[in-house]
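Working notes, structure below.
In what follows, chains carry the letters A, B, and so on, assigned in the order in which the sequence lines appear, proteins first and then strands, with residues in each chain numbered from 1. All of these numbers come straight from a predicted model, not from anything done at the bench.
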Amino acid sequence: MPELPEVETIAKQLDKKLRGRTIKSVELLQTGRETPQGSKFVKAVEGKKIERITRRAKLLIWNFTDGSAMLAHLKMTGRFVFVDKDYQLGKHDRAIFIFSGLRIADSGLVRLVWSDVRKFGFVKIVKPAELVDVMACYGPEPLESQAQELADRLKSPKTRMVKAALLNQEVIAGVGNIYADEALHRAKLRPTRRLGTLSIEDRLRLAKEIKRVLCEALKQGGTSANDYVDASGAKGKFLDFLRVYGRKGERCRECGTEIKRITIGQRGTHYCPKCQI
DNA sequence: CCGAACCTGTGT
DNA sequence: ACACAGGTTCGG
């Protein structure tokens, strides 16, 4: 589900609410997607003080004051949502985190629920050294990099389709299926184009559009195409601004041509056959 | 490189 | 019944 704008939105909300707090207790409702497993996980997180909560690629990073961290990947349907004391447990809830210092008077939000319908997501406790490795294994952060640096990442392998390259987190971090399609439309490039066929201008234009679309989506709190909600349970508002994603059969907002849908790397891929060459 | 796998839910 | 869903990893 969430890509960079959605994960960033959640990271900021969690950071604002939880920075400086201590994880008082954790209730594991369903085991199997946490590391270490079961009671070891509970033992590893309880009592940890949160220094700050950040994002790298599509990973949420809960930095603890002792240098260790909890990584959380939401994959397709993962959620972190603040709930009040009257919250009724849902079928797909995996854990509830309770934080010290949070009172009912604090806008009534006392607990954070981690849920995940499809169970692809995970949380993992890592030591400082492993955290360094994880941070280094991804490509550059698009919102913190110059367009030229991103453009340079899109040179090779020459035979790779540009859409596939955009989905590879080692090339550029945080771009997923929605924003790959949207950036390619804005840059007027077919998703099937091979990297080797892109001119210097093409790559720079694409890099700029990647930055632009991610920035605009972030301002709208991300895109709720299916299940996505932020930590307050609210949907993202960028859906209304999408130009191709999920618009198969509808008219291109630029030229009126019918939006096509093809499959690249087992992912639905949307584009305008007239605007995108 | 491609397809399958991990899962559940929803829409046609 | 079948296609499809914001992701990633693994095997062939």
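- For A/Asn177, counting side-chain heavy atoms from C-beta on, the closest listed nucleotide (C/dG7, B/dG9, B/dC7) is C/dG7.
- Taking atom P on both C/dC10 and B/dC7, the two are 15 Å apart, rounded to the nearest angstrom.
- At whole-Å resolution of the value, CZ in A/Arg118 and C1' in C/dT9 are 15 Å apart.
- In terms of position on DNA chain C, the residue among A/Lys248 and A/Arg267 whose nearest nucleotide sits closer to the 5' end is A/Lys248.
- Counting non-hydrogen atoms of other residues, nucleotides and ligands closer than 6.0 Å to CD of A/Glu170 gives a total of 12 or fewer.
- When the side-chain nitrogen and oxygen atoms of A/Gln266 are compared with OP1 and OP2 of B/dA4, none of them lie within a distance under 4.0 Å.
- In this pair, A/Trp62 and A/Phe99 present their aromatic rings parallel. The plane angle is below 30°, not in the 30 to 60° band.
- Closest approach to the A/Lys119 side chain among B/dT8, C/dG7, C/dT8 is made by B/dT8 (side chain taken as heavy atoms from C-beta onward).
- Both geometric conditions, a ring-centre gap below 5.5 Å and a plane tilt below 30°, are fulfilled for A/Phe120 over the base of B/dC6.
- Taking 4.0 angstrom as the limit, A/Lys58 places a side-chain polar atom (N or O) nearer than this to OP1 or OP2 of C/dG7.
- Residue A/Asp181 contributes atom CG, which lies 14 Å from atom P of C/dC4 at whole-angstrom precision.
- The side chain of A/Lys75 approaches C/dG7 more closely than any other nucleotide in the set C/dA5, C/dG7, B/dC2.
- A/Ile200 CD1: 12 or fewer foreign heavy atoms inside a 6.0 Å radius.
- Nucleic acid contact class of A/Arg261 (heavy atoms, under 4.0 Å, all strands): sugar-phosphate only.
- For A/Gln13 (side chain) and A/Ala231 (main-chain N/O), a donor-acceptor pair under 3.5 Å exists by modelled atom type.
- Spacing between B/dC6 and C/dA1 at atom C1', rounded to whole Å, works out to 22 Å.
- Nearest nucleotide to the A/Arg160 side chain, out of C/dG7, B/dT8, B/dC1: B/dC1.
- When the C1' atom is compared between B/dC1 and C/dA5, the two are found 24 Å apart, to the nearest whole Å.
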Stepwise side-chain hydrogen bond (donor to acceptor under 3.5 Å, both in side chains) test for A/Tyr179 and A/Thr223 | CA-CA 10 Å; A/Tyr179 301 111; A/Thr223 305; 2.7 Å; yes
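- Nucleotide B/dA5 has C/dT8 as its partner under the Watson-Crick or G-U criteria, with both atom distances under 3.5 Å.
- Going from atom CG of A/Leu167 over to atom P of C/dG7 covers 7 Å, rounded to whole Å.
- The phosphate of B/dT8 (OP1 or OP2) has no side-chain N or O of A/His92 nearer than 4.0 angstrom.
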